Amino acid sequence: MATKRMHRQGTWITARRGVRSALLAATLAAGCAGPANEKPPISAGAPPPRAEASASRSSESAAQVLLREEVVPGKLSVTVYSHAISTPAGPLHFWTYVSEGLWPLGQREIRFSIKREPGDAEGTFDRQLFKLYGLIYELAEQGQLVDVHGRSQLDGPPLLGRDGFHCIIYGPPQPLEGIAANVPYLSAVMVTCEEENVGGQAGYARILARLGAAAMAYPTPFWTDRKRPSVARPGEADQTMITKGPRTHVRGASVRMERKGGLKNAAPTKSFFIPGDRIVLRVLPRGLDNLKAAVAKGDEDALILMLEMDPSSNTGLFWYPGQTGLSAITSPVGMNDRITANFLVLAGDKDASKAGVAEDGFFLMFPVATWKRIREALISGKEITIPGQGDMPAFAVEHVETTYVNPIDGKRYESEWGWDTAQPEGGAAAQKRNDKVETSLVLLTSEQDIAKRTTVDDLSEFAKQIITIVEAQVGTSKGPGTDLLVECELLPGKKKKLEMAQRPTVDQPFAQAIYDKLEKIVAPEVKGSVKFQVLFKIRGGSPPGP
């Protein structure tokens, strides 16, 4: 038997091959957020206008290599691809430039995707971008690196021949069908310097969200549109609350609101928040030191943190000057129960707790003693949770793991944007049927790929069948607490592969009975591999390891 360790909580004993099994339950990798066309403002108590992301990537054309150019001989090459995505309005065609050679210098590889206009021949892509890549390489050699929400401003002629395109904003990676990614990369978008200035003063998530809103693409378009109108507004730096006080860009951190039912579940009162809401400041390993330094240098009475878009959210707020209500864009994938924002304001108040939404951000005010505890936790790099009360949402600072070690085979799964926990659809109801079992889900295939290969309904129904089988078997068993892990890989042709692990010891008859029943479940049809795990904590779970 192979022995694995997971999260320092005991030892996983992998079942013998004769006791193979299926596993389903819950920690989810993922991410996104986005916006829509500007619409009339509405009251905060009503569901906001939202833009559904209409650019579907479910039927993308196969990417074709047009050219591979050696920009820096022996060191940097750039490959240009031609590809397309389908939308309700018709296909959109792109040229995508992909670098290879920046990562050895510590610079993430960089992709530019340029939307082709009607009449653009496939081979008429802009070769001037190769010079831009050469400049990026020179700067990287000098240690001048860019990251998510970084920016570049260039002298000389405008990019792509568009007046005003002298600036670049670097966004999170967005996978594209048929274009492999073997090392970390950034999706770069060309913007006007007025747009970059708004981002620099009020948060780059604000600009990325507006671009997503205008393009109806969630969370933000992976491409540059040479013909789009500007999303900056004249003099808007003086019209936003963010610029009224000291604020800090914090990379590697994001904020989201968690609400069952999403924004459609509106507050019955004038308060934006409803009982059960949570505001979560999520900190990736690369953002921990940034956040600690920002808080230590910041105002002791209040913090204004300009953050990245939360990659695991499925709804994003966006805002324009003059807008008094809420606007949001939602992902076509997921339950829309996680809402990301551009900024978070945290402060102490001598009177009482207060919370709300303003522009495209959240603000939370706590009693002075509570605020001091929060600030101390942020400076020391610790997690903290403040329970909610009534319309005051709970608040949590969470450190996000980016590595998941599969206890089945020891394989390490890296998610640069972190692993998130979630209950499968119907999971809460299932737990009520059997209070001896807690269930959680781990997606080992990205949400984007899952959306292309199967449907949420099919995957949810299959997962619920696994949960029902395990719960029924637990109801007939006795013994101490244990953890059970079921791993399932769905394959085309309604095939499936099942594996199981259990700790602290393997209960052979129990595991075999579950496996035999799981083998009889009919797998849904999928268009490609979909792999996930379900973790069951039975009778409180196994005792912690040393």
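Computed from a prediction, not measured in an experiment: that's the story for all the values here.
Using a cutoff of 4.0 Å between basic side-chain nitrogens and carboxylate oxygens, Arg286 and Glu308 are scored as salt-bridged. Residues Glu489 and Lys495 are not paired through a salt bridge, judged by the lack of any N-O separation under 4.0 Å between the basic side chain and the carboxylate. Under the 4.0 Å criterion applied to side-chain N and carboxylate O atoms, Glu117 and Lys227 are not assigned as salt-bridge partners. In this structure, Lys494 does not pair ionically with Glu525, as no charged nitrogen and carboxylate oxygen lie closer than 4.0 Å. Salt bridge annotation for Glu109-Arg111: absent, with no cationic side-chain nitrogen under 4.0 angstrom from a carboxylate oxygen. Using a cutoff of 4.0 Å between basic side-chain nitrogens and carboxylate oxygens, Asp126 and Lys131 are not scored as salt-bridged. Salt bridge present: Glu195 and Arg228 bring a charged side-chain N and a carboxylate O closer than 4.0 Å.
There is no side-chain donor-acceptor pair under 3.5 Å between Thr124 and Arg116. For the residue pair Asp310 and Ser312, a side-chain donor N or O sits within less than 3.5 Å of a side-chain acceptor on the partner. His83 and Thr96 form a side-chain donor-acceptor contact under 3.5 Å, judged by distance and modelled atom types alone. Between the side chains of Ser152 and Tyr170, at least one donor N or O lies within less than 3.5 Å of an accepting N or O.
Looking at Glu69 and Val80, their side chains never come closer than 4.5 Å, going by heavy atoms from C-beta outward. With a 4.5 Å cut-off on side-chain heavy atoms, Leu154 and Phe165 do not count as touching. At least one side-chain heavy atom of Phe462 sits less than 4.5 Å from a side-chain heavy atom of Leu490.
Atom CD of Gln201 is surrounded by more than 12 heavy atoms from other residues, nucleotides or ligands within 6.0 Å.
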Stepwise side-chain contact (heavy atoms from CB on, under 4.5 Å) test for Leu291 and Leu281: CA-CA 10 Å; Leu291 180 61; Leu281 179 60; 4.0 Å; yes
Criterion side-chain contact (heavy atoms from CB on, under 4.5 Å) on Lys244 and Ile304, from CA distance to verdict: CA-CA 10 Å; Lys244 306 305 180 187; Ile304 301 177; over 6 Å; no
Intermediate values then yes/no, salt bridge (Lys or Arg N to Asp or Glu O under 4.0 Å), Glu100 and Arg68: CA-CA 10 Å; Glu100 183 179 350; Arg68 189 172 188 272; 3.3 Å; yes
Candidate pair Phe130 and Leu67, rule side-chain contact (heavy atoms from CB on, under 4.5 Å), full reasoning: CA-CA 11 Å; Phe130 296 140; Leu67 177 71; 3.8 Å; yes
Evaluation steps, side-chain contact (heavy atoms from CB on, under 4.5 Å), between Tyr137 and Gln107: CA-CA 9 Å; Tyr137 187 88; Gln107 170 62 62; over 6 Å; no
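In terms of heavy-atom proximity, Pro104 sits nearest to Gly101 at CD-O, 3.3 Å. Residues Ala328 and Phe318 come closest through the heavy atom pair N-CE2, 3.6 Å. Closest approach of Gly203 to Asn342, counting heavy atoms only: CA-OD1, 3.6 Å. Nearest heavy atom pair, residue Gly381 against residue His399, reads O-CE1, 2.6 Å. Across all their heavy atoms, Pro221 and Ala215 have their closest contact at CG-CB, 3.8 Å. In terms of heavy atoms, Cys167 sits closest to Leu159 at O-CD1, 4.3 Å.
Remark: side-chain polar atoms of Arg162 are paired, donor with acceptor, to backbone N or O of Arg226 under 3.5 angstrom. Looking at Tyr185, its side chain does come within 3.5 Å of a backbone N or O of Gln174 through a donor-acceptor pair. The closest donor-acceptor contact from the side chain of Gln142 to the backbone of Gln144 lies at 3.5 Å or more, if one exists at all. Remark: the backbone N or O of Ala232 is paired with a side-chain donor or acceptor of Ser230 at under 3.5 angstrom. With Glu196 contributing its side chain and Thr192 its backbone, the two residues share no donor-acceptor pair below 3.5 Å. Listed for the Thr87 side chain is a donor-acceptor partner under 3.5 Å among the backbone atoms of Gly90. Looking at Ser113, its side chain never comes within 3.5 Å of a backbone N or O of Phe94 through a donor-acceptor pair. Formation of a donor-acceptor pair under 3.5 Å by the Glu70 side chain with backbone atoms of Gly74 is found in this model. Here the side chain of Arg256 pairs no donor or acceptor atom with the backbone of Ile279 at under 3.5 angstrom.
For the pair Arg210 and Tyr320, the distance from NZ or CZ to the six-membered ring centre is under 6.0 Å and the angle to the ring normal is within 45 degrees. For the pair Arg259 and Phe272, the distance from NZ or CZ to the six-membered ring centre is under 6.0 Å and the angle to the ring normal is within 45 degrees.
Rounding to the nearest 0.5 Å gives a distance of 4.5 Å between CZ of Phe343 and CD1 of Ile242. For the atom pair CG of Leu160 and NZ of Lys115, the computed distance is 12.5 Å after rounding to the nearest 0.5 Å. Taking CD of Gln64 as the reference point, atom CD1 of Ile179 lies at 11.0 Å (rounded to 0.5 Å). Atom CG of Leu307 and atom OG1 of Thr248 lie 10.0 Å apart (nearest 0.5 Å).
When each of Val255, Leu263, Asn314, Asp277 is checked for a side chain to side chain contact (heavy atoms under 4.5 Å, CB included) with Ile339, only Leu263 meets the rule. When each of Leu186, Val250, Leu208, Ile207 is checked for a side chain to side chain contact (heavy atoms under 4.5 Å, CB included) with His149, only Leu208 meets the rule. No option in Val442, Ile450, Leu459 other than Leu459 meets the side chain to side chain contact (heavy atoms under 4.5 Å, CB included) test with Phe532.
In this structure, Phe112 and Tyr133 have perpendicular ring planes: the angle between them is above 60°, well past the 30° mark. The aromatic rings of Phe125 and Tyr97 lie perpendicular to each other, with more than 60° between the two planes, well past the 30° mark.
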